[in-house]
Amino acid sequence: MLYYALKYLHVIGASVLLGTGAGIAFFMLLAHWTGSKPLIAGVARIVVIADFLFTATAVVAQPVTGLALVWVMGYGLGEHWIVLSILLYIVTGAFWLPVVWIQMQMRDMAQAALRDGTDLPARYQRLFRVWFVFGFPAFFAVLGILWLMIARPAELW
C-alpha cells in the first residue's frame, strides 16, 4: 500500500509540475502578446501565486516521494535512469528559480506602469525574452524526467 500511495503522490506532483508550468507559460505569453498593462499585471500576479502555491509544493514533494520510491522499490541511486532524472531535475530548477524571480519582476513592473500611467519599461521586454527562453529547457527537462519515470530504462549509456 505504501508503494501505491507514494507512486500516486509522485505522479500527482509530476502532473502539477508539467501542468502548472505549461499553464503559466501559456497565460503569461498570451497576456504579454496583448500588450495590455492591466491584463499583464493581473496575469503576472496570479502566475506568481500559482508558482508558489502549486509548483513550489510539487518541487519539494517530488524528490521526497521519488527517494522514498527508490527506497521502497530497492533501486540504487546509481541506476542510470535515476541519475539522469536527478540531473534533469537540477537543470529544471536551475531554469525555474530565475523564472520565478523574473515573473515577480515583470509583475512589479506591470503594476507600477499601470499605477503610474507609463509604458512597460525596456527592462520588462528584456526580462520577458529571458523568461521565454528559460522556459524551454525547463519544460523539456520535465518531459525527459516523465519519460524516465515511465520507462525506467535499464541502460542509457
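It should be emphasised that the depicted structure is a prediction, and the values quoted were computed from it without experimental measurement.
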Quiz: residues 39-54 side-chain donor-acceptor pairs under 3.5 angstrom, not counting sequence neighbours:
from, atom 1, to, atom 2, distance (Å)
Asp51, OD1, Thr55, OG1, 2.7
Asp51, OD1, Trp96, NE1, 3.3
Asp51, OD2, Gln103, NE2, 2.8

* Find out whether Trp147 and Pro153 are in side-chain contact, i.e. whether some heavy atom of one side chain is under 4.5 Å from a heavy atom of the other. => yes
* Joint hydrophobic cluster, Leu18 plus Phe26, side-chain heavy atoms closer than 4.5 Å -> yes
* Should the heavy atoms of other residues, nucleotides or ligands under 6.0 Å from CZ of Phe95 be counted, would the total exceed 12? -> yes
* To do: Check whether any side-chain N or O of Gln105 sits under 3.5 Å from a backbone N or O of Leu127 as a donor-acceptor pair, and report yes or no.
  => no
* Asked: Are Tyr89 and Leu9 connected in the hydrophobic side-chain network, where two residues link if heavy atoms are under 4.5 Å apart?
  -> no
* Roughly how far apart are Asp116 CG and Gln111 CD, rounded to 0.5 Å? -> 11.5 Å
* To do: List the atom of Ala94, the atom of Pro98, and the distance in Å for their closest heavy-atom pair.
  => O-CD, 3.1 Å
* Asked: Under the 3.5 angstrom rule, does the side chain of Thr34 hit a backbone N or O of Ala31 as a donor-acceptor pair?
  -> yes
* Drop me the distance from Ser85's OG to Leu148's CG, to the nearest 0.5 angstrom. => 4.0 Å
* Asked: Side chains of Gln125 and Arg129: closer than 4.5 Å at any heavy-atom pair?
  -> yes
* Asked: Is the Phe140 ring parallel, tilted or perpendicular to the Phe136 ring (thresholds 30°, 60°)?
  -> parallel
* Interatomic distance, Met109 atom CE to Leu114 atom CG [nearest 0.5 angstrom] -> 14.5 Å
* Cluster question for you: counting only ILVMFWY and a side-chain heavy-atom cut-off of under 4.5 Å, with indirect links fine, are Ile102 and Leu30 together? -> yes
* Under a single-linkage definition using a 4.5 Å side-chain heavy-atom cutoff for Ile, Leu, Val, Met, Phe, Trp and Tyr, are Val72 and Ile82 assigned to the same hydrophobic cluster? -> yes
* Structure fact -> CE of Met106 to CZ of Arg123, rounded to nearest 0.5 Å, is 11.0 Å
* **Heavy-atom closest contact (Gly144 atom, Leu88 atom, distance)** => C-CD1, 4.0 Å
* Structure fact -> d(Leu143 CG, Leu17 CG) to nearest 0.5 Å is 11.5 Å
* If we only count heavy atoms from C-beta on, is the Phe132 to Met28 side-chain gap below 4.5 Å? -> no
* Asked: Please walk me through it: do His10 and Met149 pass side-chain contact (heavy atoms from CB on, under 4.5 Å)?
  -> CA-CA 10 Å; His10 199 66; Met149 276 176 39; 3.7 Å; yes
* Under a 4.5 Å cut-off applied to non-hydrogen side-chain atoms, are Leu77 and Leu67 in contact? -> yes
* **ring-ring contact (aromatic ring centres under 6.0 Å, His included) pairs, two or more places apart, involving residues 28-48** => His32-Tyr124, His32-Phe128
* Asked: Between the side chain of Lys37 and the main-chain N/O of Thr118, is any donor-acceptor distance below 3.5 Å?
  -> yes
* To do: Taking all non-hydrogen atoms of both residues into account, name the closest pair between Ala14 and Leu146 and its distance.
  => CB-CD2, 3.4 Å
* Chi angles and distances behind the side-chain contact (heavy atoms from CB on, under 4.5 Å) call for Val16, Thr57 -> CA-CA 9 Å; Val16 167; Thr57 302; over 6 Å; no
* Structure fact -> CD1 (Ile86) and CD (Glu79) are apart, to the nearest 0.5 Å, by 11.0 Å
* Asked: When hydrophobic residues are tied together by side-chain contacts of less than 4.5 Å, even through go-betweens, does Val142 share a cluster with Leu29?
  -> yes
